[in-house]
Protein chains: 2
Amino acid sequence: MQSFPLERDGLVPVYVQIRKRLLDRITSGDLKAGDLMPSEQEISGTLGVSRMTARQAVKSLCDWGIAYSMRGKGTFVSPVKLEKNFRQAQSFTEEMNALGFRPSSQVFALKAERAPTEVAEALKAGRNSEVIRLDRLRLANSKPMGIECAYLLHSMCPGLIHVFDPQASLYETLWKQFGLSIAVADEIVEVGLPSAAAASLLRISRNKPVFLFTRVSYARRGHSMQAVEYVKSTYRGDRYKIANRLTRAKLKLAGISV
Amino acid sequence: MQSFPLERDGLVPVYVQIRKRLLDRITSGDLKAGDLMPSEQEISGTLGVSRMTARQAVKSLCDWGIAYSMRGKGTFVSPVKLEKNFRQAQSFTEEMNALGFRPSSQVFALKAERAPTEVAEALKAGRNSEVIRLDRLRLANSKPMGIECAYLLHSMCPGLIHVFDPQASLYETLWKQFGLSIAVADEIVEVGLPSAAAASLLRISRNKPVFLFTRVSYARRGHSMQAVEYVKSTYRGDRYKIANRLTRAKLKLAGISV
DNA sequence: CTGCACTAGATGTATAGACAAGTTGATTGT
DNA sequence: ACAATCAACTTGTCTATACATCTAGTGCAG
C-alpha cells in the first residue's frame with residue numbers, strides 16, 4: 001500500500017481512493033491472482049482510516065468479482081482474469097474501439113415511422129407510437145461486420161433525425177443530445193441464415209450462418225427505467241463471436257433467483 | 001413493512017431478514033416497479049435496528065439491481081423485471097428444468113485420455129495431464145438439442161468414470177462426490193455449421209446453422225479458483241437461443257473497465 | 001507423538017453518532 | 001405575486017466500538 005496520505009478534501013470519497021490504490025496494485029502486478037490482500041485492520045492502521053471505511057473499499061472489490069473474502073483467513077485476489085471484451089451494454093463503436101478496430105457505419109435508412117406491432121410491444125409503447133428507424137451497415141476497419149436495424153421511441157429523442165451524425169455513436173448522441181444513458185439491455189441471441197438483402201450488404205453467400213440479435217435497451221430517466229431502443233441485428237458468423245462470463249446465481253435464500 | 005419482531009438469535013443476520021421482508025413486498029406486488037421504498041430511517045425506527053443495518057439491507061438490493069437509490073430522494077424499486085432464464089453458470093439439466101423441459105442424455109464416450117494441447121492450455125494443466133472425456137447427446141423432452149464434449153481434469157475428480165450416472169447432472173455429481181462447486185465459467189459463443197457426425201446425431205442437415213460453445217468452468221476449491229472443465233458444444237440453432245442481460249460497466253474512475 | 005486448549009488475527013455483523021450533500025416543500029420577506 | 005431562505009427528510013460517507021465466528025498456529029498435557 002502506498003503510504004502517501006489520502007486526500008480528505010471531500011472531493012473523492014476516502015474509500016474510493018483506497019479502492020483505487022488496491023486496484024493499482026492488482027493491475028500493476030504487485031498483487032497477483034490468489035495473493036492475500038492487506039487485511040482491513042492493516043489498511044485501517046496504515047492509512048489512518050476506520051476499519052469500516054477500509055472494509056467498504058475491500059467489499060466493493062468483492063462485489064465486482066475482483067477479490068473474494070474468506071472468514072477467518074483474509075481477502076484474496078480473484079484468480080479469474082479480468083478481460084475487457086466481455087460484452088457489456090456498450091455500443092458497437094465502443095466495442096470495436098476496445099478491441100482495437102476502427103468502427104464506421106453506412107446509414108441506409110433514417111426516417112420516422114409508425115412502430116410495427118413487435119416493436120411497440122417490446123418498447124411498451126402504444127400501437128401507433130412514432131419511432132425513428134435507423135438502419136446501418138456496421139464496419140470494422142472498413143470490412144462489413146453486421147447490419148443493425150434500430151427503432152427509437154420518437155418521444156424520447158425528438159429531432160434525432162436532424163442532429164444525428166451518421167458517423168457518430170448513436171449512444172453517445174443519445175447521451176449528449178437527450179440526456180439518455182443506456183443502463184441495461186436485454187438481448188436474445190439466435191443463429192440463422194441471412195436474408196438476400198443482408199447477404200448482399202454483408203458480402204457473404206446466403207448459406208453462411210449469422211448471428212441474429214434482438215435487443216431492447218433501457219435508459220434511466222429521472223427515477224424511471226424507460227425502454228428506449230429496439231434493435232434487430234444480423235452479424236457475420238465468421239467475424240464475430242461473443243464472450244460471456246457466467247456466474248452462479250447469488251440468491252437462493254431470498255426465493256428469487258436473479 | 002411487517003411489524004412482527006426480527007429474530008435476534010444470530011442464526012440469520014438481521015440485515016438478511018430485513019432484505020427478505022423488502023423482497024417479499026416486491027414479489028408480492030405490494031411494492032411495484034418505480035415505487036418508493038421505505039427510507040433507511042423509517043426501517044431503522046420501525047424495526048428497531050440501527051440505520052447502518054437497514055442501509056446494508058437496502059444497499060444489497062441495489063447491488064443486485066433490484067432497487068436503485070437517488071441521493072436526497074430515496075430508494076426506488078427497479079422497473080426492469082427479474083427474469084429467471086438469463087443464462088447463469090448452470091448445467092444443461094438445471095437450465096432445462098427451469099424452462100419446464102425434461103432433460104436427458106445419451107453418453108457416447110466416457111474414458112480417460114491425455115489432454116489435447118488446446119484442452120491442456122485452457123485448463124492451465126501440464127501437456128500430458130490426464131483428463132476424463134465425456135461426450136453426450138443432450139435431449140429435451142426426448143428431442144436432440146445439442147452435443148457436449150467435456151474434458152475434466154482427472155486430478156480433480158478421480159474415479160468419476162466409475163461413479164458417474166449417465167442420467168445424472170454432471171455438475172451435481174461433481175458437487176456431491178468431489179465437493180466441486182462450479183462458481184464461474186467463461187464461454188465463447190460462435191456460429192457455424194455442424195460436422196457430419198454432429199449433424200447425424202442432432203438429426204439435422206449439414207447446412208443448418210448451429211451454436212458452437214467453448215466453455216471453461218472454474219470451481220472454488222479452498223481459497224483458489226481452479227479450472228476444472230473444458231467443454232466444446234454444438235447446439236441446434238432452431239431449438240436454442242440465448243438470453244443475455246447486458247449491464248453498463250461499473251468502473252470508469254478506477255481505470256479498469258470490467 | 002497425539003490431541004486438546006488457547007490465542008492472535010482475520011472477516012461478519014451490529015450499534016450509535018456525526019456531518020455532508022441533494023431534494024422538496026413551506027415559510028418568509030420583498 | 002415572486003423569489004430567496006429555511007427546515008425537514010433523503011442518501012452518502014466516516015468514525016469508533018463491540019462482539020461473533022472462523023482459521024491457523026502455538027504450546028502444553030497426556
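Proteins get letters first, then strands, A, B, ... in listed order; numbering begins at 1 in each.
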Exercise for review: Go through the steps to decide whether Glu118(B) and Tyr230(B) satisfy the test side chain to side chain donor-acceptor pair (under 3.5 Å), and finish with yes or no.
Suggested key: CA-CA 9 Å; Glu118(B) 181 188 5; Tyr230(B) 177 89; 2.6 Å; yes
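- Think of the region where chain B sits on DNA chain C: with heavy atoms and a 4.0 Å cut, that region ends 5' and 3' at dT13(C) to dT24(C).
- At the phosphate of dT10(D), neither OP1 nor OP2 sits under 4.0 Å from any side-chain N or O atom of Thr75(B).
- How far CG of Asp35(B) is from CZ of Phe76(B): 9.5 Å, rounded to the nearest 0.5 Å.
- Contact record, Tyr171(A) with Ser217(A): OH-OG, 3.2 Å, taken as the closest heavy-atom pair.
- Considering every non-hydrogen atom in both Glu148(B) and Ser233(B), the closest pair reads CG-OG, 3.4 Å.
- Phe76(A) has its CZ atom 12 Å from the P atom of dT23(D), to the nearest Å.
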Which atom pairs link the protein and nucleotides 14-17 of chain D when you take only N or O atoms and keep those under 3.5 Å?
{"residue": "dC14(D)", "atom": "OP1", "partner": "Val14(A)", "partner atom": "N", "Å": "2.3"}
{"residue": "dC14(D)", "atom": "OP2", "partner": "Val14(A)", "partner atom": "N", "Å": "3.3"}
{"residue": "dC14(D)", "atom": "OP2", "partner": "Tyr15(A)", "partner atom": "N", "Å": "3.2"}
{"residue": "dC14(D)", "atom": "O3'", "partner": "Arg8(A)", "partner atom": "NH2", "Å": "3.2"}
{"residue": "dT15(D)", "atom": "OP1", "partner": "Arg8(A)", "partner atom": "NH2", "Å": "2.6"}
{"residue": "dT15(D)", "atom": "OP2", "partner": "Ser50(A)", "partner atom": "N", "Å": "3.1"}
{"residue": "dT15(D)", "atom": "OP2", "partner": "Thr53(A)", "partner atom": "OG1", "Å": "2.7"}

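- Expressed to the nearest 0.5 Å, how far OG of Ser129(A) lies from CG of Leu123(A) amounts to 8.0 Å.
- Interatomic distance, CZ of Arg55(A) versus OG of Ser60(A), reported as 11.5 Å (0.5 Å rounding).
- When rounded to the nearest whole Å, the span between NZ of Lys59(A) and P of dG12(D) equals 14 Å.
- Contact between the side-chain N/O atoms of Gln41(B) and the OP1/OP2 oxygens of dC9(D) is not found at any separation under 4.0 Å.
- With the nearest nucleotide of DNA chain D identified for both Met37(B) and Arg71(A), Met37(B) has the one nearer the 5' end.
- Each of Thr93(B), Ile182(B), Leu152(B), Asp165(B) was evaluated against Leu170(B); a single residue qualifies, Leu152(B), per the side-chain contact (heavy atoms from CB on, under 4.5 Å) test.
- Between the NZ atom of Lys59(B) and the CG atom of Asp63(B) there is a distance of 4.0 Å, given to the nearest 0.5 Å.
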